[in-house]
*Asks:* 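Below is a structure I'd like to ask you about.
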Amino acid sequence: MTQPSKPLYHLGAYSEQINPYVILPGDPKRVEKIAALLEQPYPVADQREFCTWNGKLNGVPVTVTSTGIGGPSASIAVEELVQSGAHTLLRVGTCGAIQPDLKVGTLVIPTGAVRKEGTGCAYLPLEFPAVPDYPVVQALAQAAQSRGVPYKLGIVESKDSFYGQHDPDSVPVQHMLKEKWKMWEQAGVLASEMECATIFLTAAVRRVRAGAVLLVCNNHAWDRPDQPVEEDFNVGPMLETAVEALKRLIAQDAKF
């Protein structure tokens with residue numbers, strides 16, 4: 001088959017290599033781990049923070065592409081994937097607990113995201129909520145339940161500054177950061193991460209469906225210095241839950 005003349009500008013893959021169902025880890029090093037859970041996995045492209053592999057689930061082609069850290073690169077990945085025909089986007093990643101009793105190893109399936117990131121404002125004003133597609137949320141919850149993995153449904157915070165969470169005293173806006181952290185905690189926001197709001201908003205504008213499943217890898221913040229940061233967390237249950245959820249979505253789509 002003759003390849004088109006130009007690959008996608010940022011992803012480096014060709015549009016014809018992108019499949020309708022896509023799993024989106026942030027970390028490029030997790031792409032191959034996820035691909036290993038697919039049938040007949042093979043590498044497609046590796047450019048900047050964007051690493052892409054393909055494979056199949058129950059015979060249906062699936063793509064895995066990393067987004068890098070944060071909203072700007074995540075929106076770039078989503079844009080180029082959707083331009084290439086992707087219609088179902090499933091983010092997998094880690095998060096830090098905001099609720100003090102949220103245990104490391106629990107999966108968080110976001111039902112919405114606090115818009116504390118800037119990229120989404122280039123798509124929609126703050127009045128528009130950052131929410132995932134309900135059938136994707138439902139498939140993720142069913143997958144976690146079927147696998148016996150502990151999980152919680154709820155709102156997450158999507159932020160731009162990692163160290164604003166872990167070292168707010170080092171910046172001039174420390175009081176604002178601490179006040180908002182406590183605000184999210186009191187409002188029941190489960191955890192903090194860096195890509196969900198952007199992915200949900202970009203997907204909404206481009207009229208595709210998106211969702212996410214996150215692994216709580218630490219319960220450490222500026223107000224809980226006694227809680228250690230987990231360095232050797234197991235992402236396996238999260239990845240397996242995502243793959244199972246995607247199987248369910250593929251099976252549901254086949255009925256229509």
*Asks:* Find the distance between CG (Leu24) and CD1 (Ile34) and round it off to the nearest 0.5 Å.
*Replies:*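 Rounded to the nearest 0.5 Å, the CG-CD1 separation comes to 9.0 Å.
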
*Asks:* So does Lys182 pair up with Glu185, basic N to acidic O under 4.0 Å?
*Replies:*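 Here Lys182 pairs with Glu185 in a salt bridge, since their nearest N and O are under 4.0 Å apart.
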
*Asks:* Determine, stepwise, if the pair Leu89 / Val208 fulfils side-chain contact (heavy atoms from CB on, under 4.5 Å).
*Replies:* CA-CA 8 Å; Leu89 307 168; Val208 298; 4.0 Å; yes

*Asks:* With a cut-off of 6.0 Å (strictly less than), are more than 12 heavy atoms of other residues, nucleotides or ligands near CD1 of Ile69?
*Replies:*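 Counting neighbours around CD1 of Ile69, 12 or fewer heavy atoms of other residues, nucleotides or ligands fall under 6.0 Å, so no.
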
*Asks:* Looking at OG1 of Thr88 and CD1 of Ile23, how far apart are the two atoms once the value is rounded to the nearest 0.5 Å?
*Replies:*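 Reported value, rounded in 0.5 Å steps: 11.0 Å.
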
*Asks:* Could you work out, with side chain to side chain contact (heavy atoms under 4.5 Å, CB included) as the rule, every residue matching Gln145, not counting sequence neighbours?
*Replies:*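 By the side chain to side chain contact (heavy atoms under 4.5 Å, CB included) rule, Gln145 matches Tyr151.
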
*Asks:* Please tell me whether Thr52 and Thr65 have a donor and an acceptor in their side chains that are separated by less than 3.5 angstrom.
*Replies:*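 Note: Thr52 and Thr65 side chains meet the donor-acceptor criterion.
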
*Asks:* Within a reach of under 6.0 Å around CD of Glu39, are more than 12 heavy atoms found that belong to other residues, nucleotides or ligands?
*Replies:*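 Atom CD in Glu39 is packed in, count exceeds 12.
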
*Asks:* Which heavy atom in Val114 sits nearest to a heavy atom in Ile155, and how many Å separate them?
*Replies:*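 That would be CG2-CG2, 3.9 Å.
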
*Asks:* Under 4.0 Å between a Lys/Arg side-chain N and an Asp/Glu carboxylate O for Arg209 and Asp253?
*Replies:*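 Yes, charged N to carboxylate O under 4.0 Å.
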
*Asks:* State which residues pass salt bridge (charged side-chain N to carboxylate O under 4.0 Å, His left out) with Glu79; sequence neighbours excluded, sorted by chain then number.
*Replies:*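 Partners of Glu79 under the salt bridge (charged side-chain N to carboxylate O under 4.0 Å, His left out) test: Arg206.
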
*Asks:* Less than 4.0 Å between a side-chain N and a carboxylate O, is that true for Arg91 and Glu193?
*Replies:*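 Looking at Arg91 together with Glu193, the answer is yes, because their closest N to O distance falls below 4.0 Å.
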
*Asks:* Is it the case that Ser158 and Glu117 place a side-chain donor and acceptor less than 3.5 Å from each other?
*Replies:*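 There is no such pair between these side chains.
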
*Asks:* Can Ser66 and Glu49 be counted as having a side-chain donor-acceptor contact under 3.5 angstrom?
*Replies:*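 There is no such pair between these side chains.
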
